[in-house]
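A quick write-up on the structure given underneath.
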Amino acid sequence: MSGYDHRAIEQKWQERWEKQRVAEVDLRSARDKYYMLMMFPYPSGDRLHVGHGRNYILGDALYRYLRMRGRRALNPMGWDAFGLPAENAAIQRGVHPRDWTLDNIKVMKRQFRRWGILYDWSKEVTSCLPDYYRWNQWLFLRMLERGLAYKRRAPVNWCPSCRTVLANEQVIDGACERCGTEVVQRDLEQWFLRITDYAERLLEGLESLAGWPEKVLLMQRNWIGRSEGAEIDFPLVSGAPPITVFTTRPDTLHGATFLVLAPEHPRVAELVGEHPDRPEIEAWIERVRKTPRIEREGEGSAKSGRDLGARAINPATGEAIPVWIADYVLPDYGSGAIMAVPAHDARDLAFARQEGLPVRLVYHPTERAVRAEDLSEPILHEGEIRGCGEFDGATDGPETIHRFVEWLAAAGKGRPRVTYRLRDWLISRQRYWGTPIPVVYCEGCGIVPVPDDRLPVELPYEVEFSGREGNPLARCESFVSTSCPACGAPARRETDTMDTFVDSSWYYLRYLSPRDSAQIFDPETTSRWAPVDQYIGGIEHAILHLLYARFVCRVVHDFGLVPFEEPFRNLFNQGMITRYSERTGRIEKMSKSKGNTVSPDTLIDEMGADTERVYTLFLGPPEDEVEWNDEAVTGAYRFLQRLWRVAERVGEAPPTAPSDAELERARHHAIARVARDFERFKFNTAVAALMELLNALTKAVEGKTASRLCCEATMDTLLQLLHPIAPHVTEELWERRGHVETLLDSDWPVADESKLKRDRLQIVVQVDGKLRDRIEVDADWGEREVRAAALDSDKVREHVGGREIAKAVLVPGRLVNLVTRKEAS
RNA sequence: GCGAAAGUGGCGGAACCGGUAGACGCGCUAGAUUUAGGAUCUAGUCCCGAGACUUCGGGUUGGGGGUUCGAAUCCCCCCUUUCGCACCA
């Protein structure tokens, strides 16, 4: 045999896997099915670095393991191919987004191949191609029919320099991420999906996701933000219709000394009425509207407001109270109006003090005397109600709140109400590189959906990327001008495209019938193969992507297309890889912008993909953030070289040798450990276990302490267990050892419990909890024998020092603890 | 501010259910081998103090307390770091 030539070996096996399409799955049979899924990547122009590799290597190790366990594992891959960087490349470098994206896909595919990753490419989907995004349009139209998609005016982040709308993530410290211009708030007609209708179901569904990390469930729960309380109507002194507020603390109603409306509240125009300062107030409202949300909502932001002059009646006290508007009340939460209870709410108190508004206590602390006029901190969750008639003496708690709600409801002044922090999903993007929203605007017919048989509404290729104005689509006359599908009159197309989160909300269903040109996906195949058994991806998608995917799953469930409501049974979030950055002088997430990336190409050239795979998985627990260490990679390389050398020499072992049982024990111990580790994704400890097994085998071969038969069996087991981690070198050695079928098709070894047993074993002796000696005992000895053997030891006797043994705690196979009676002192 | 997670050698990290802390690897030290090497092999490597080649004692899992025969692991307080949310009524 020759030396370990990783280049030749890796090339050979990659070619073979590709040619034989080993990962292709026939979906007609779903016996032993296991649908695993890696979050599909955005094909950015940046080459993949070893930090990205972690995801894919982890997934491939899982895939190969499942295959060897006999599962019919489906591991598809595709491209989240719409998005902003493609358009920026077009503007900056004059490449068309489509060409740029498709080129990037080719490059990334080659990189996956070089890592030795097996995907079922026959299921590939590319979201920027019409045969995919037409089904985005189809889905949108179905939602439009059911009122789940709608259009309304809404404030958006607007960059005056780029003249375009920005997503929240593109606004950094109130400025545009691209040009640094301060972002302003603008009202535009926008398309929304009514995810809020599903808030309760999305929240309840979390209960069933036992296979999801607690952290993600919690983040989703907080994001949905269910909040129970009451709606209360405040009649106006003028006799105009009442103002309705939402509160979680109806029990503090008696302390409501003023109302505050969001400046955007629909009643504001009417209420400001004949106010003498009306022009000033309107100018102020305009300023608030233009303030970016990020700035307005920051906790440190100073509150400001205006007295509208109108007066409302507190339904509990009958008192007339002023009606204000202020920027700290948000238009899209609750009813966009609050009752201010300064005595029991920090924000209201701060505002009341600032504006000289009255403060009235409902709950009076019992331990100390408090005067409303001196209050500088709100009274929260203490004291008892005073001065509120029938409620006097009640203390803070759910029951008191309930009594107030009942009382309000009986009087017709209010009612129980649940609100959510979750807002409807704004899907409009004033961008070219996305799915066109399939509607047409007609003078006569209004908003007209594009009929199904005219889908897809294709993105025109020939558009101008000047970069000066937002959406190139809007300037593409051949796209915009069309005829009304309803009446045939000239009409204009919608030029907004969809948020790319729409694409990624259902792609896992399309993988199951990627070429179906008649329907979005085949419901029959889907019901057999979905939901996804194991989803793997980064924690950065803990909220939006996963929430949208869960939402869309329920929508298609309600359409009768899938029998389940949850798309992903188990979720695993791998941590990121960090490395020291020269540029920032800190340890940071590996990224191009930080200049701390490591290229897999160089690494693979020098030490091979198997080395990168072993090292990446060995680095640390896959769910944790781990730091890449350039020097430590050689440890993985050495490991594979040692494996190669031992494989060459394993035939030199003698026909018989004394320590077969010991090597057998090491072999079965490794089998048990690796299986357990793989099940929990603990690839780092699995690698450690395999290194130990190799060490044991090396010792046995070199010291001629185990028989050839036993060494050969250990070698085979080692190759099998290591295959998911280092697939190329293991297949090569396996083949060279004369096996006919491939490792990937071999049966995963099973640990034999009986081989793990020993007749005699070493246990630890403690005296009063301190380790004093190790003794050898028979495996089946009871406490009496072990105790006697322990006392046989000089060291133990010395430490017992003649004291009486009060008791002995025996942990079978591990230790015995002799507890001495304390001398009376 | 609220919520969550995590703190173990020089470094990355092990330790299943409360039972030998530091597996495995990197680095480092010494030696061997090689024309040479950043290649390979062998031995050593938590800290302190004695003892001497195969030892012995003490300490040690961010800090302090507690439960227990026994705590990295469970409970309480504090410190630090990271992440999520952040005027949500």
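The sequence lines fix the lettering, A, B, ..., with proteins before strands; numbering per chain opens at 1.
- A/Leu253 places a side-chain heavy atom less than 4.5 Å from the side chain of A/Met339.
- Taking the side chain of A/Glu692 as heavy atoms from C-beta on, and the options B/G3, B/A89, B/A23, the nearest nucleotide is B/A23.
- B/G31 sits 28 Å from B/A50 when the C1' atoms are compared, rounded to a whole Å.
- The ring pair (Phe, Tyr, Trp, His ring centres under 6.0 Å) test applied to A/Phe246 returns no partner, not counting sequence neighbours.
- Within 6.0 Å of the NE2 atom in A/His545, the count of heavy atoms belonging to other residues, nucleotides or ligands exceeds 12.
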field: Nucleic acid footprint by protein, nucleotides 54-59 of chain B - heavy-atom cut-off 4.0 Å, B for base, S for sugar-phosphate alone
entry: --SSSS

field: Pairing string, 5' to 3', for RNA chain B - Watson-Crick or wobble contacts under 3.5 Å, brackets [ ] where pairs cross, | to another strand
entry: (((((((..(((......[....)))((((((.......))))))(((((....)))))..(((((..]....))))))))))))....

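- Here A/Glu648 does not pair with A/Arg645 in a salt bridge; the nearest charged N to carboxylate O distance is not below 4.0 Å.
- Taking 3.5 Å as the limit, the base of B/U20 and the side chain of A/Arg814 contain no donor-acceptor pair of atoms between them.
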Donor-acceptor pairs are to be reported for all side-chain atoms of residues 324-331 of chain A against protein atoms at under 3.5 Å, with residues two or more places apart or in another chain.
from: A/Asp327; atom 1: OD1; to: A/Ser304; atom 2: N; distance (Å): 3.0
from: A/Asp327; atom 1: OD2; to: A/Ser304; atom 2: OG; distance (Å): 3.2
from: A/Tyr328; atom 1: OH; to: A/Asp348; atom 2: OD1; distance (Å): 2.8

Pairs: protein N or O with nucleotides 82-85 of chain B N or O, under 3.5 Å:
from: B/C83; atom 1: O2'; to: A/Lys215; atom 2: NZ; distance (Å): 3.3
from: B/C85; atom 1: O3'; to: A/Arg421; atom 2: NH1; distance (Å): 3.3

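- In this structure A/His49 satisfies the ring pair (Phe, Tyr, Trp, His ring centres under 6.0 Å) test together with A/His52, sequence neighbours excluded.
- Residue A/Val341 is classed as having no contact, given no heavy-atom separation below 4.0 Å to the nucleic acid.
- Taking the ring pair (Phe, Tyr, Trp, His ring centres under 6.0 Å) definition, one finds that A/Trp425 meets it with A/Tyr548, sequence neighbours left out.
- Annotation: salt bridge (charged side-chain N to carboxylate O under 4.0 Å, His left out) contacts of A/Glu355 (sequence neighbours excluded): none.
- The side chain of A/Thr685 places no N or O atom within less than 4.0 Å of a non-bridging phosphate oxygen (OP1 or OP2) of B/C24.
- Ring pair A/Trp628/A/Tyr615 is perpendicular by interplanar angle, where above 60° counts as perpendicular and below 30° as parallel.
- Annotation: ring pair (Phe, Tyr, Trp, His ring centres under 6.0 Å) contacts of A/Phe683 (sequence neighbours excluded): A/Phe678.
- Note on A/Ala688: a base of the nucleic acid sits closer than 4.0 angstrom, heavy atoms only.
- Put simply, CE on A/Met607 is 15 Å from P on B/G38, counting in whole angstrom units.
- Residue contacts shown for A/Asn695 are limited to sugar-phosphate atoms, with no base heavy atom under 4.0 Å away.
- For the segment residues 674-684 of chain A, residues with any heavy atom less than 4.0 angstrom from an atom of RNA chain B are, sorted by number, A/Arg676, A/Asn684.
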Between N or O atoms, less than 3.5 Å apart, protein on one side and nucleotides 69-75 of chain B on the other: list the pairs.
from: B/C69; atom 1: O2'; to: A/Asn817; atom 2: ND2; distance (Å): 3.4
from: B/C69; atom 1: O2; to: A/Asn817; atom 2: ND2; distance (Å): 2.5

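- Note on A/Asp605 versus A/Arg7: no salt bridge recorded, every NZ/NE/NH1/NH2 to OD/OE distance being 4.0 Å or above.
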query: What one-letter contact string describes nucleotides 40-46 of chain B from 5' to 3', where B marks a base within less than 4.0 Å of any protein heavy atom, S marks contact via sugar-phosphate atoms alone, and - marks no contact?
result: SS-----

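- Within the 4.0 angstrom heavy-atom criterion, base atoms lie near A/Leu815.
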